[in-house]
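Have a look at the structure below, then the notes.
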Amino acid sequence: MRIASWNVNSVRTRVDRVVAWLERTGTDVLAIQETKARDDQFPYLAFEAAGYEVEHLGSNQWNGVAIASRVGFDDVVRHFPGQPAFGDPAVLEPRAIGATCGGVRVWSLYVPNGRELDHPHYAYKLDWLARLRDQAEAWLADDPAAQICLMGDWNVAPLDTDVWDPAVFAGKTHVSAAERDAFAAFGAAGYTEMTREILPAENTYTYWDYQQLAFPRNKGLRIDFAYASPALRERVTGAVIDRDERKGKGASDHVPIVLDLAD
DNA sequence: ATGACATCGTATCGATGA
């Protein structure tokens, strides 16, 4: 089985490219982030025509997460238990959807950006990660044999070599010690980030800004990851960061990350 | 090569992204 995650930056704009990628790569389950659509705007038909069912959680033009599966759905959950809200009035944003697909518990996650270190969005980001970690630990405690994958856009660059120039990011979000600690806490909770495990090369990026020729100049960030529970880790036979998907007109600014699982 | 910011709304710019 092949599972993947991709921040598509608007599913309506990218639907042809995303469905073509699913079919071409033989991906069975795709966790999608930044759909930027309400449920009634999601292009379900294009996915269904290719053999994929979709479960979506969206509200407006911001955020939005989904899972596309051609191996079925069980136990779909929108928002993770304890997920923090943001704003005044506080709103539970569409940033997490979970489902069991082909025996794997997949969570499609869009971690808050944080904006600036002194912005309320940054505290929200840290709280969001801490509460997700608590849940992830509880899920594993409930069933140590569970095959769980926490995949998505984490908006954290865990290592200095995950940013094209650490000096440029000094004092900014994504690289702070608190964010890196919050990310690493999932490892302490028993999960292994599989793309790093299999693709440890430095300066391997998953995101390149649209501006200033960032992609041709390889000025990128590594912020998309897939944490696997111990039982799932045992099944992972390979990982891919599909850098080619950043090429050409109409690309998302993120590329897919892929895990191959033994049958 | 891969190319000079993109997305959405109700819009002719602002908010958001990272």
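Just so it is clear, the model here is predicted, and its values are computed rather than measured. Letters A, B, ... mirror the listed sequences (proteins, then strands); counts begin at 1. Worth knowing before you read on, the calculation uses all heavy atoms, side chains too, and leaves out hydrogens, waters and symmetry mates.
- Using a 4.0 Å heavy-atom cutoff across all strands shown, A/N63 reaches no nucleic acid atom at all.
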Could you pull out every donor-acceptor pair under 3.5 Å between side chains of residues 77-91 of chain A and any protein atom, sequence neighbours left out?
from  : atom 1 : to    : atom 2 : distance (Å)
A/R78 : NE     : A/H56 : O      : 3.1
A/R78 : NH2    : A/E55 : OE1    : 3.0
A/R78 : NH2    : A/H56 : O      : 2.9
A/H79 : ND1    : A/E93 : O      : 3.4
A/Q83 : OE1    : A/F80 : N      : 3.1
A/Q83 : NE2    : A/E93 : O      : 3.0

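- Look at CZ on A/F42: it is 17 Å from P on B/dT7, rounded to the nearest Å.
- Spacing of P atoms, B/dA1 relative to B/dG14, comes out at 40 Å, to the nearest Å.
- Note on A/N9: every side-chain N or O is 4.0 Å or more away from OP1 and OP2 of B/dT7.
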Using atom types as modelled, flag every donor-acceptor pair under 3.5 Å from a side chain in residues 151-160 of chain A to any protein atom, sequence neighbours excluded.
from   : atom 1 : to     : atom 2 : distance (Å)
A/D153 : OD1    : A/N155 : N      : 3.1
A/D153 : OD2    : A/N7   : ND2    : 3.0
A/W154 : NE1    : A/F225 : O      : 3.1
A/N155 : OD1    : A/H174 : NE2    : 3.0
A/N155 : ND2    : A/V111 : O      : 2.8
A/D160 : OD1    : A/R180 : NH1    : 3.1
A/D160 : OD1    : A/R180 : NH2    : 3.2

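- No donor-acceptor contact under 3.5 angstrom links the side chains of A/Y124 and A/N113, judged on distance only.
- Comparing B/dA4 with B/dG9, their P atoms sit 24 Å apart, to the nearest whole Å.
- Distance check on atom P: B/dC5 versus B/dT10 gives 27 Å, rounded to whole Å.
- Contacts between residues 197-211 of chain A and DNA chain B, defined by a heavy-atom separation under 4.0 Å, are made by A/Y207, A/D209, A/Y210, A/Q211.
- Contact annotation: A/H254 side-chain N/O to B/dA18 OP1/OP2 distance is under 4.0 Å.
- The distance from atom CG of A/N7 to atom C1' of B/dA18 is 11 Å, rounded to the nearest whole Å.
- Among the atoms of the strands shown, base atoms are found under 4.0 Å from some heavy atom of A/L213.
- A/R38 pairs by the salt bridge (charged side-chain N to carboxylate O under 4.0 Å, His left out) definition with A/D40, not counting sequence neighbours.
- Between the C1' atom of B/dG17 and the CG atom of A/D224 lies a distance of 13 Å, rounded to the nearest Å.
- Using a 3.5 Å distance cut-off with no hydrogens or angles, the side chains of A/E116 and A/Y122 do not pair a donor with an acceptor.
- In this entry the distance linking CG of A/N113 with P of B/dT7 reads 18 Å, nearest Å.
- Summarising the geometry, the separation between NE2 on A/H119 and P on B/dA18 is reported as 14 Å, rounded to the nearest angstrom.
- The residue among A/H174 and A/R246 whose nearest nucleotide of DNA chain B lies closer to the 5′ end is A/R246.
- Contact annotation: A/T173 side-chain N/O to B/dA18 OP1/OP2 distance is not under 4.0 Å.
- For the 3.5 Å distance criterion, the side chains of A/T206 and A/D224 qualify, holding a donor opposite an acceptor.
- For A/Q61, the listed nucleotide lying nearest its side chain is B/dC8; candidates were B/dG17, B/dT2, B/dC8.
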Could you pull out all donor-acceptor pairs under 3.5 Å where a side-chain atom in residues 181-191 of chain A meets a protein atom, sequence neighbours excluded?
from   : atom 1 : to     : atom 2 : distance (Å)
A/Y191 : OH     : A/A136 : O      : 2.7

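- Rounded to whole Å, the distance from CZ on A/R17 to P on B/dA6 is 13 Å.
- Taking atom CH2 of A/W62 as the reference point, atom P of B/dG17 lies 7 Å away to the nearest angstrom.
- For B/dG9, one of the phosphate oxygens OP1 or OP2 lies less than 4.0 angstrom from a side-chain nitrogen or oxygen of A/R12.
- One can place CD of A/E93 at 13 Å from C1' of B/dA15, the figure rounded to the nearest angstrom.
- Contact annotation for A/N60: no contact, since no heavy-atom pair falls under 4.0 Å across all strands.
- Considering only side-chain atoms of A/S10, the nucleotide from B/dA18, B/dC8, B/dG9 that sits closest is B/dC8.
- Toward the 5′ end of DNA chain B lies the nearest nucleotide of A/G250, the other residue of the pair A/G250 and A/L221 mapping further downstream.
- Listed by first then second residue, pairs satisfying ring-ring contact (aromatic ring centres under 6.0 Å, His included) with a partner in residues 20-40 of chain A read A/W6-A/W21, not counting sequence neighbours.
- A/G114 comes within 4.0 angstrom of nothing in the nucleic acid, heavy atoms only.
- Here A/Q41 reaches the OP1 or OP2 of B/dG9: one of its side-chain N or O atoms lies under 4.0 Å away.
- The separation of B/dA11 from B/dA6, taken at their P atoms, amounts to 23 Å, rounded to a whole angstrom.
- A/T195 and A/E193 are linked by a side-chain donor-acceptor pair at a separation below 3.5 angstrom, with hydrogens and angles left out of the test.
- Between A/R115 and B/dA18, a side-chain N or O to OP1/OP2 separation shorter than 4.0 Å is absent.
- Within the structure, a side-chain polar atom (N or O) of A/R14 is placed less than 4.0 Å from OP1 or OP2 of B/dT7.
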